[in-house]
Number of protein chains: 2
Amino acid sequence: MSVLTASGTSIDLGPAAALSCRECGQRTALGPVFACTSCFGPLEIAYDLPVSDPEGLRRRIEAGPANIWRYAPLLPVPADVADKPNMNPGWTPLVKADRLAAELGVTGGLYVKDDSANPTHSFKDRVVANAVEAARAFGFTTLSCSSTGNLAGAVGAAAARAGLRSCVFIPHDLEQGKVVMAAVYGGDLVAIEGTYDDVNRFCSELIGDPAGEGWGFVNVNLRPYYAEGSKTLAYEICEQLGWRLPDQLVIPIASGSQLTKIDKGLKELIATGLVEDRPYRIFGAQAEGCSPVSQAFKAGHDVVRPVRPDTIAKSLAIGNPADGPYVLDIARRTGGAVEDVTDEQVVDSIKLLARTEGIFAETAGGVTLGVTRKLIASGALDPSLTTVVLNTGDGLKTLDAVAPTSGPSAVIRPNLDSFREAGLA
Amino acid sequence: MSVLTASGTSIDLGPAAALSCRECGQRTALGPVFACTSCFGPLEIAYDLPVSDPEGLRRRIEAGPANIWRYAPLLPVPADVADKPNMNPGWTPLVKADRLAAELGVTGGLYVKDDSANPTHSFKDRVVANAVEAARAFGFTTLSCSSTGNLAGAVGAAAARAGLRSCVFIPHDLEQGKVVMAAVYGGDLVAIEGTYDDVNRFCSELIGDPAGEGWGFVNVNLRPYYAEGSKTLAYEICEQLGWRLPDQLVIPIASGSQLTKIDKGLKELIATGLVEDRPYRIFGAQAEGCSPVSQAFKAGHDVVRPVRPDTIAKSLAIGNPADGPYVLDIARRTGGAVEDVTDEQVVDSIKLLARTEGIFAETAGGVTLGVTRKLIASGALDPSLTTVVLNTGDGLKTLDAVAPTSGPSAVIRPNLDSFREAGLA
């Protein structure tokens, strides 16, 4: 479906009809903008959703490709999106975690949505794939972002495959795996002496400067399109459960965008008739060393006071989370909660997930599982209900977290005597 | 389908009917054995393949899960395999690599089969998943292996999910990513002071010793079952091409088993009528620092003289490849070749693949692409034909190969002046 942009050109981003302000509801034409001109609230996509024929829509989705483009009718992308060179992320495993459930005493069904299976091994491939389509539609030839690491790799890879230039910005102190992965795709990688919040502020400056002209910053001027990619997590979880809403979801919080968009995705599934409307609870997970949303939740505040992050969960180390207030709202509205865990609990949970389910999560996954355990212990999370825990990234990218305690049980010479001496026989 | 084992118990490994010696053809009952009692040749699975209804088989496969178990009718696994806890590998992307093709001058269609998308990010998940089913059938409770790294992670993860104990053996000098990944799943990891060939010899000793009793060594006493997992690469490639054989395949060589089983898989697709019978050429790829098969091919020999490996492509560093003679036979029979490249060419090809297609391959993938380029240059590989190049592992596991030349373009302070000084605007 083609619509007119503010500049009068015609673009096709599928069912995306306009941008709408999350705060005041004012609508504006599709374009590379992210803030409402009336109230400065965040813009998100308004759709003409297909609501008339749920069975037909369901069949169309099920006949689609084994990636996020099966949901093209619900995303801001053209109908022929799957024919263009892109990373085709998504349709990652929803692992029924029976051995983990047994350890945690969860009886209602415990699932891990394992997004480390994406092309660059984090959920960021989902959002970037959507941003690439917007970049193409708006004629950008350079793809950019501020990143705590995972996004940098996802942007580098997606730009390479799409034949776009990339220039990504990261804090200078990231894990080696994330730095190398961000650089290997051949785009420009700029390390900034400062925190992620400094990097983010710098990108907002750059976007208003001639130096940044013509650049598509996936998480700034393309943010409304980009953020929609997280909805696909909600779609996939429900489809993989047999077109059914889970009772409880535990989701990590960095900017909070993923959690809010998963909620949006669940509501769209209800609105289009793809799932039956029933209550669900959303829980947010942070690391203690960067827990502004958790602190606000526990204090009963509606605003989130920025913090200076200090945690091994660097992909969640956003001290000033843009969607923090919306997260608070969703957790409270659905009967969920926001909780945090220590770095020690993060490491312990990474190893628990690996030992019980063979899933090697990055620190963000350790945060989410750690919070799940804490919420079960406190009674906030009901173990008799169907629960989905998100793993958003890959342990190979945060080796330092587990390396000190994950080495060989023994080093031996290649003979049976040496093996027996090691006491492993 | 249940069949009797040599010990008289009944097991169900689907269409697997017996073991058959690759050298003399002698058949023996299914069991945890790997060498022919008559001639010591390697045993492989003999099947009752479904040959009568290709259309029905094709529909059954297409309606199956998006993992290797869609091919259960062609694998040594029970029909209900997908219901048991396992890693569900496979159905990895076959990426149409148009940007890479343009750089290499390939006009007939160039594809990268990207097996870094598997659960532990290498093709080893395919073979281990098959070995796990055999281990269950034969009642083993400990899963073991000798490994150059990727297999260790795959075994650790698969054992964790299946609830089996694991004890894996690796050379002491592997990449950190592979060591941590092998250890994190909580099984025993034993580092051996020696090369992979030393580790392999030790495991053969251990299997005959009381200390190894009741252990399923995936690549020793479960090897016939394990090796079949590689056939799924052939099945997927052809199905993803629209049930069509490619003209040319370029496959890395470690033990040579993957290449020989892909050839077996292609022949089974022809035998069952799933694809049309037409010629295909198979090319093998090695690193110059461990190129015994390539040397034999070029010298016109039928036997492979063992070497002491010295290459950054550690996952291919097997100096005494068990299936070397079969690789030579297949390359010659199909009109293919075996070639090798330097470590420098490996690194350069990793970066070329990342820059053009957004795929970050481990060193083995660099070997395969490097050899592809060399074969195009020499005229051995025809650029006007459909060509599939395998990437069998993930760049995150061999960071050291590219880290020295893959860092930030610039380190700046978070302001526009500092950005402009860096010359990237």
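As a basis for the values below, the full set of heavy atoms in this structure was taken, side chains included, without hydrogen atoms, waters or symmetry mates. Letters go in sequence order (proteins before strands), and every chain restarts at 1.
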Give the member of [options] that has the highest number of heavy-atom pairs under 4.5 Å with chain B.
options                                : answer
A:Leu206, A:Leu416, A:Asp198           : A:Leu416
A:Lys351, A:Met87, A:Met181            : A:Met181
A:Asn67, A:Val184, A:Thr142            : A:Val184
A:Pro210, A:Ala117, A:Gly358           : A:Gly358
A:Thr356, A:Val402, A:Leu352, A:Val180 : A:Val180

Review point. When you measure from the side chain of B:Arg420 to the backbone N and O of A:Ala211, does any donor-acceptor pair fall under 3.5 Å?
Key: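 No, because the side chain of B:Arg420 does not come within donor-acceptor range (under 3.5 Å) of the backbone of A:Ala211.
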Review point. Taking the side chain from B:Ser409 and the backbone from A:Leu189, do they hold a donor-acceptor pair closer than 3.5 Å?
Key: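 Side chain of B:Ser409 to backbone of A:Leu189, a donor-acceptor pair under 3.5 Å: yes, one is there.
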Most chain A-contacting option - heavy-atom pairs closer than 4.5 Å, from [options]:
options                                : result
B:Phe202, B:Phe169, B:Trp91            : B:Phe202
B:Gly186, B:Gly395, B:Gly163, B:Ala162 : B:Gly163
B:Thr405, B:Val95, B:Ile192, B:Ile350  : B:Ile192
B:Ala191, B:Ser406, B:Ala183           : B:Ala191

**Study point:** Under 4.5 Å from a heavy atom of chain B, the part of A:Val199 involved
**Key:**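 Interface part for A:Val199: neither.
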Practice item. Go through the atoms of A:Leu100 and report whether side chain, backbone, both or neither lie under 4.5 Å from a heavy atom of chain B. Key: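 Neither part, no heavy atoms under 4.5 Å.
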Review point. Roughly how far apart are B:Asp114 CG and A:Asn88 CG, rounded to 0.5 Å?
Key: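 So the gap between those two atoms works out to 11.5 Å.
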Point to revise | Interatomic distance, A:Leu399 atom CG to B:Leu399 atom CG [nearest 0.5 angstrom] | key: 7.5 Å
Check your understanding: What do the steps show when you test A:Thr120 against B:Phe360 for side chain to side chain contact (heavy atoms under 4.5 Å, CB included), and what is the final call?
Key -> CA-CA 8 Å; A:Thr120 68; B:Phe360 183 21; over 6 Å; no
Review point. Should A:Lys96 and B:Asp83 count as an ion pair when the cut-off is N to O under 4.0 Å?
Key: no
Check your understanding: Any ion pair linking A:Asp98 and B:Arg161 (charged N to carboxylate O, less than 4.0 Å)?
Key ->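 Salt bridge flag = no for A:Asp98 with B:Arg161.
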Practice item. Give the C-alpha distance, both sets of side-chain angles, the deciding distance and a yes or no for side chain to side chain contact (heavy atoms under 4.5 Å, CB included) between A:Tyr185 and B:Arg355. Key: CA-CA 4 Å; A:Tyr185 302 107; B:Arg355 178 169 61 74; over 6 Å; no
Review point. Side chain to side chain contact (heavy atoms under 4.5 Å, CB included) between B:Val411 and A:Glu193: does it pass, once the steps are laid out?
Key: CA-CA 7 Å; B:Val411 181; A:Glu193 290 166 348; 3.9 Å; yes
Review point. Do the side chains of B:His121 and A:Asp394 get nearer than 4.5 Å, heavy atoms only?
Key: yes
Check your understanding: Should the pair A:Phe419 and B:Trp215 be assigned to parallel (<30°), tilted (30 to 60°) or perpendicular (>60°) ring geometry?
Key ->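 If you compare the ring of A:Phe419 with that of B:Trp215, the planes turn out perpendicular.
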Point to revise | A:Glu205, CD: over 12 other non-hydrogen atoms inside 6.0 angstrom | key: yes
Check your understanding: Taking non-hydrogen atoms and a cut-off under 4.5 angstrom, which of residues 170-179 of chain A neighbour chain B?
Key -> A:Gln176, A:Gly177, A:Val179
Point to revise | Portion of B:Asp209 that has a non-hydrogen atom of chain A nearer than 4.5 angstrom | key: side chain
Check your understanding: Which region of B:Val168, side chain (C-beta onward) or backbone (N, CA, C, O), has a non-hydrogen atom less than 4.5 Å from a non-hydrogen atom of chain A, or is it both or neither?
Key ->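 Looking at B:Val168, nothing touches chain A.
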Check your understanding: What residues form a ring pair (Phe, Tyr, Trp, His ring centres under 6.0 Å) with A:Tyr196, not counting sequence neighbours?
Key ->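 None.
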Check your understanding: Yes or no on side chain to side chain contact (heavy atoms under 4.5 Å, CB included) for B:Lys397 and A:Leu396, after CA distance, side-chain angles and deciding distance?
Key -> CA-CA 7 Å; B:Lys397 296 201 204 175; A:Leu396 278 174; 3.8 Å; yes
Practice item. Identify the two heavy atoms, one from B:Ala160 and one from A:Ala354, that lie closest to each other, and give their separation to 0.1 Å. Key: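 Result for this residue pair: CB-O, 3.4 Å.
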